[in-house]
Amino acid sequence: MNITILDDYQDVVRTLDCYRKVAGHNVTIWNDHTKDVDALAGRLKDTEALALIRERTPIRAPLLERLPRLRIISQRSVYPHIDVGACTARGVIVSSDMHPGRPSYATAELTWGLIIAAARYIPQEAAALKAGRWQSTVGTGLRGRTLGIFGYGRIGVIVAGYGTAFGMKVQVWGREGSLERARADGCGAARSREAFFEECDVISLHLRFTDGTRGIVTAADLARMKPTAIIVNTSRAGLIEPGALAEALKRGRPGRAAVDVYEEEPVLNADHPLLALDNAVCTPHLGYVERDGYESQFNSIFDQILAYAAGKPINIVNPEALK
């Protein structure tokens, strides 16, 4: 089969052990990124199996209409970037391993790294030391402070456990089911949404990005946070009201932020307002980007392609396409 892999920024896929699974197939890997439909149509014109790395490239009807040889899109996790209806209409199978019950430990670990980095000004101090300065800031310890988890799902549970291990008091806000699970696990449930934003020293967002959660964190929520507080987002940028975080940081409530996700990715040439702020620690969507995670992700992606090639497709999102 002609297999194409998009958005392999670090050219890492061909170095994975699981890459041997597609030996004998014609594999093309693109390391740069484009959302331009004309460019993508040219790159994918002979593609039969398209492998996607999470949600990096949207696959919509105008592109699908120009890919007559495409038979399967293989990926892992949620698929808001794929027009499943258009795929079904063209007989293109979408296979996506939803890995139920398996949290992204890599994202949880990065979240905790960002919390510590923001609390202790680690990036700023490292840069200052290289510039010849010694001890430019005074950071904040975490023990005894309150960690707020907004969304007590698979990753939120893990981050809450890290907070407990560091001696923090954990407060949770979210839907009633989340609050019940948090109480059962020995965490606190915030008295109200207002109290959650007002009282927490660190707030970490762990919500799925849907129409219902778009902009769920508002400018008013951010304005309630302490001037010493930190907000961390390793989930999706769209959870926060557009433009609200940069403006809130300029006003000093919250005092700091640590961010791994952006409205449009990739962010190139430092073209994002958060990158200009000294009180924001910013990383380039590294949450799930680590070798073991890539091995697991592409094991699933390649297995789905090989299952299709064998006439027995798996993890099918749109079984109607088989008709």
Heavy atoms of Phe209 and Arg236 approach each other most closely as CB-CG, 3.4 Å
Can you classify the ring geometry of His285 versus Tyr288 as parallel (below 30°), tilted (30 to 60°) or perpendicular (above 60°)? perpendicular
Classify the side-chain pair Asp303/Ser300 by whether it contains a donor and acceptor separated by less than 3.5 Å. no
Pair Ile116-Phe166, side-chain contact (heavy atoms from CB on, under 4.5 Å): steps then yes or no: CA-CA 11 Å; Ile116 295 175; Phe166 271 71; 4.0 Å; yes
Any donor and acceptor pair, going by atom type alone, linking the side chain of Gln75 with main-chain N or O of Val78 inside 3.5 Å? yes
Give a yes or no answer on whether the side chain of Glu241 reaches the backbone of Ala244 with a donor-acceptor pair at less than 3.5 Å. no
ILVMFWY network linking Val157 to Val159, side-chain heavy atoms under 4.5 angstrom: yes
So CG of Asn2 and CG of Leu70: to nearest 0.5 Å the spacing works out to 11.0 Å
Nearest-0.5 Å distance that lies between atom CD1 in Ile72 and atom OG1 in Thr47: 13.0 Å
If you measure from the Lys or Arg side-chain nitrogens to the Asp or Glu carboxylate oxygens, is any gap between Asp17 and Arg291 under 4.0 Å? no
Donor-acceptor contact present, side-chain Ser136 to main-chain Ala128, <3.5 Å: no
Step through the shown structure and confirm whether more than 12 heavy atoms of other residues, nucleotides or ligands are within 6.0 Å of NZ on Lys45. no
How far does OH of Tyr294 sit from CG of Asp8, to the nearest 0.5 angstrom? 6.5 Å
Exercise: identify the closest heavy-atom pair between Ile301 and Ala51: CG2-CB, 3.7 Å
Within the supplied structure, the quantity of interest is the number of heavy atoms (other residues, nucleotides, ligands) at a distance under 6.0 Å from Glu264 CD; does it exceed 12? no
To the nearest 0.5 Å, what is the distance between CZ on Arg76 and OG on Ser296? 3.5 Å
Are the aromatic ring centres of Trp173 and Tyr152 under 6.0 angstrom apart? no
Apply side-chain contact (heavy atoms from CB on, under 4.5 Å) to residues Arg191 and Phe196 and explain how you reach the verdict. CA-CA 7 Å; Arg191 295 180 290 106; Phe196 177 77; over 6 Å; no
Would you call Arg54-Asp7 a salt bridge at under 4.0 Å N-O? no
For Asp278, look at atom CG and say whether over 12 heavy atoms of other residues, nucleotides or ligands are found less than 6.0 Å away. no
For Gln10, does the CD atom sit with more than 12 other heavy atoms under 6.0 Å from it, leaving out its own atoms? yes
Can you tell me how far apart OG (Ser96) and CD1 (Ile82) are? Round to the nearest 0.5 Å. 6.5 Å
Electrostatic pair Glu198:Lys226 at N-O distance under 4.0 angstrom: no
Testing the basics here: between Asp83 and Leu64, what is the closest heavy-atom pair and its distance to 0.1 Å? O-CD1, 4.0 Å
Should the heavy atoms of other residues, nucleotides or ligands under 6.0 Å from CZ of Arg175 be counted, would the total exceed 12? no
Step by step, would you call Asp38 with Arg66 a salt bridge (Lys or Arg N to Asp or Glu O under 4.0 Å)? CA-CA 9 Å; Asp38 290 336; Arg66 298 172 63 176; 2.6 Å; yes
Under 3.5 Å, is there a donor-acceptor pair between the side chain of His25 and the main chain of Met1? yes
Under 3.5 Å, is there a donor-acceptor pair linking the side chains of Thr146 and Glu199? no
Between Thr140 and Arg256, does any side-chain donor sit less than 3.5 Å from a side-chain acceptor? yes
Between Asn318 and Val92, what is the shortest heavy-atom contact and its length? ND2-O, 2.9 Å
Looking at Asp11, I'd like to know if its CG atom is crowded, meaning that more than 12 non-hydrogen atoms belonging to other residues, nucleotides or ligands lie closer than 6.0 Å. yes
Looking at Arg183, I want to see if its CZ is surrounded by more than 12 non-hydrogen atoms of other residues, nucleotides or ligands under 6.0 Å. yes
Looking at Glu320 and Lys323, is there a salt bridge between them, counting it only when a charged N and a carboxylate O are closer than 4.0 Å? no
What's the shortest heavy-atom distance between Cys200 and Ala229, and which atoms? O-CB, 3.8 Å
Do Gln297 and His99 have side-chain N/O donor and acceptor atoms under 3.5 Å apart? no
Dump the intermediate steps for side-chain contact (heavy atoms from CB on, under 4.5 Å) on Thr34 and Leu6, then the final yes or no. CA-CA 9 Å; Thr34 182; Leu6 294 178; over 6 Å; no
Atom pair CD1 (Ile230) and CG (Asp201), whose distance is rounded to the nearest 0.5 Å: 8.5 Å
With a 4.5 Å cut-off on side-chain heavy-atom distances among I, L, V, M, F, W and Y, is there a chain of contacts connecting Leu67 to Ile93? no
With the 4.5 Å side-chain cut-off for hydrophobic clustering, are Ile203 and Ile115 part of the same group? yes
Does Arg71 make a cation-pi contact with Tyr308 (under 6.0 Å, within 45 degrees of the axis)? no
Looking at Glu265 and Val267, would you say the former's side chain and the latter's main chain have a donor-acceptor pair under 3.5 Å? no
If you count every heavy atom of other residues, nucleotides or ligands that lies below 6.0 Å from Tyr105 atom OH, does the total exceed 12? no
Quiz question: by atom type and distance under 3.5 Å, do the side chains of Thr111 and Thr234 form a donor-acceptor pair? yes
Check whether any side-chain heavy atom of Tyr79 sits under 4.5 Å from a side-chain heavy atom of Ile59, and report yes or no. no
Under a 4.5 Å side-chain heavy-atom rule over Ile, Leu, Val, Met, Phe, Trp and Tyr, are Leu286 and Ile53 clustered together? no
Applying the side-chain hydrogen bond (donor to acceptor under 3.5 Å, both in side chains) test to Gln304, which of Asn315, Asn299, Asp97 qualifies? Asn315
Walk me through whether Gln171 and Ile149 qualify under side-chain contact (heavy atoms from CB on, under 4.5 Å). CA-CA 6 Å; Gln171 290 285 316; Ile149 304 292; over 6 Å; no
Which atom of Ile73 lies closest to which atom of Cys87, heavy atoms considered: CD1-SG, 3.8 Å
